[in-house]
Amino acid sequence: MLLYAAAVLLGTLVFAVGTEFTEKRELFRGLLRVALFAYLVWWLPSLDKRAWWTSVIACGVLGVIGIVTMLLLFGVGLAEGSSVAWALIKIAVPLYALAHAFIILVRTETRWHFEP
């Protein structure tokens, strides 16, 4: 999940610098996701079951959104040429990190630590 936060932060900063910080909404959304996942990474070691559920839900929901976005980008043909690299940086790398975190979280060995 920390890799996801780092990838989102990098993608957000690259986008913000590229648009000369005119896209405030995108910058805010990116920083909000970074803050959320940084908090979850900080909260998970407490082994609180709510931290586990929140992390699973956050990874699952954002993962589904990422998959749908990738399918739309490549299905509609929006990702051509230089935007393929942008899609990889902005969507595919964070999506991989989310999927990896989700798989680790739902494994039996991990869930066992969060049982009361």
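In what follows, residues are counted from 1 in the order of the sequence shown.
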side-chain contact (heavy atoms from CB on, under 4.5 Å) between Leu3 and His100: does it pass, once the steps are laid out?
-> CA-CA 10 Å; Leu3 176 62; His100 193 82; over 6 Å; no
Look at the side chain of Ser46 and the backbone N and O of Trp43, then say whether any donor-acceptor pair between them is shorter than 3.5 Å.
-> yes
How far apart are the closest heavy atoms of Trp52 and Leu105, and which atoms are they?
-> NE1-O, 2.7 Å
Will you find, in the side chains of Thr110 and Arg107, an N or O donor that is under 3.5 Å from an N or O acceptor?
-> no
Does one hydrophobic cluster hold both Ile67 and Ile103, with members joined at side-chain heavy-atom distances below 4.5 Å?
-> no
What is the distance from atom CD1 of Ile57 to atom CZ of Arg50, rounded to the nearest 0.5 Å?
-> 13.0 Å
How many angstroms lie between atom SG of Cys59 and atom CD1 of Ile104, to the nearest 0.5 angstrom?
-> 9.5 Å
Which atoms form the tightest heavy-atom contact between Val93 and Ala7, and what is the distance?
-> CG1-CB, 4.0 Å
Around Glu109, counting heavy atoms of other residues, nucleotides and ligands shown, do more than 12 lie under 6.0 Å from its CD?
-> yes
side-chain contact (heavy atoms from CB on, under 4.5 Å) between Leu9 and Phe37: does it pass, once the steps are laid out?
-> CA-CA 11 Å; Leu9 181 61; Phe37 275 85; over 6 Å; no
side-chain contact (heavy atoms from CB on, under 4.5 Å) between Val34 and Thr12, intermediate numbers included | CA-CA 10 Å; Val34 170; Thr12 300; 5.6 Å; no
Side chains of Tyr4 and Arg33: does their closest heavy-atom pair fall under 4.5 Å?
-> yes
Indicate if Val61 and Phe102 have the same hydrophobic cluster label, given that clusters are the connected sets of ILVMFWY residues with side-chain heavy-atom separations under 4.5 angstrom.
-> yes
Co-membership, hydrophobic cluster, residues Leu47 and Val56, 4.5 Å side-chain | yes
List the atom of Thr69, the atom of Ile91, and the distance in Å for their closest heavy-atom pair.
-> CG2-CD1, 3.5 Å
Nearest 0.5 Å, what's the CG-CG distance between Leu62 and Leu95?
-> 10.0 Å
Same apolar cluster: Leu32 and Val8, side chain cutoff 4.5 Å = no
Minimum heavy-atom separation for Val106 to Arg111, with atom names?
-> O-NE, 3.3 Å
Step through the shown structure and confirm whether more than 12 heavy atoms of other residues, nucleotides or ligands are within 6.0 Å of OH on Tyr96.
-> no
Asp48 and Phe114: which non-hydrogen atoms are nearest, and at how many Å?
-> O-CD2, 3.4 Å
Looking only at non-hydrogen atoms, find the nearest pair between Leu98 and Gly63 and report the distance.
-> CD1-N, 3.7 Å
Value for OG1 (Thr54) from NZ (Lys49), rounded to nearest 0.5 Å, stands at 12.0 Å
Same apolar cluster: Val17 and Leu31, side chain cutoff 4.5 Å = yes
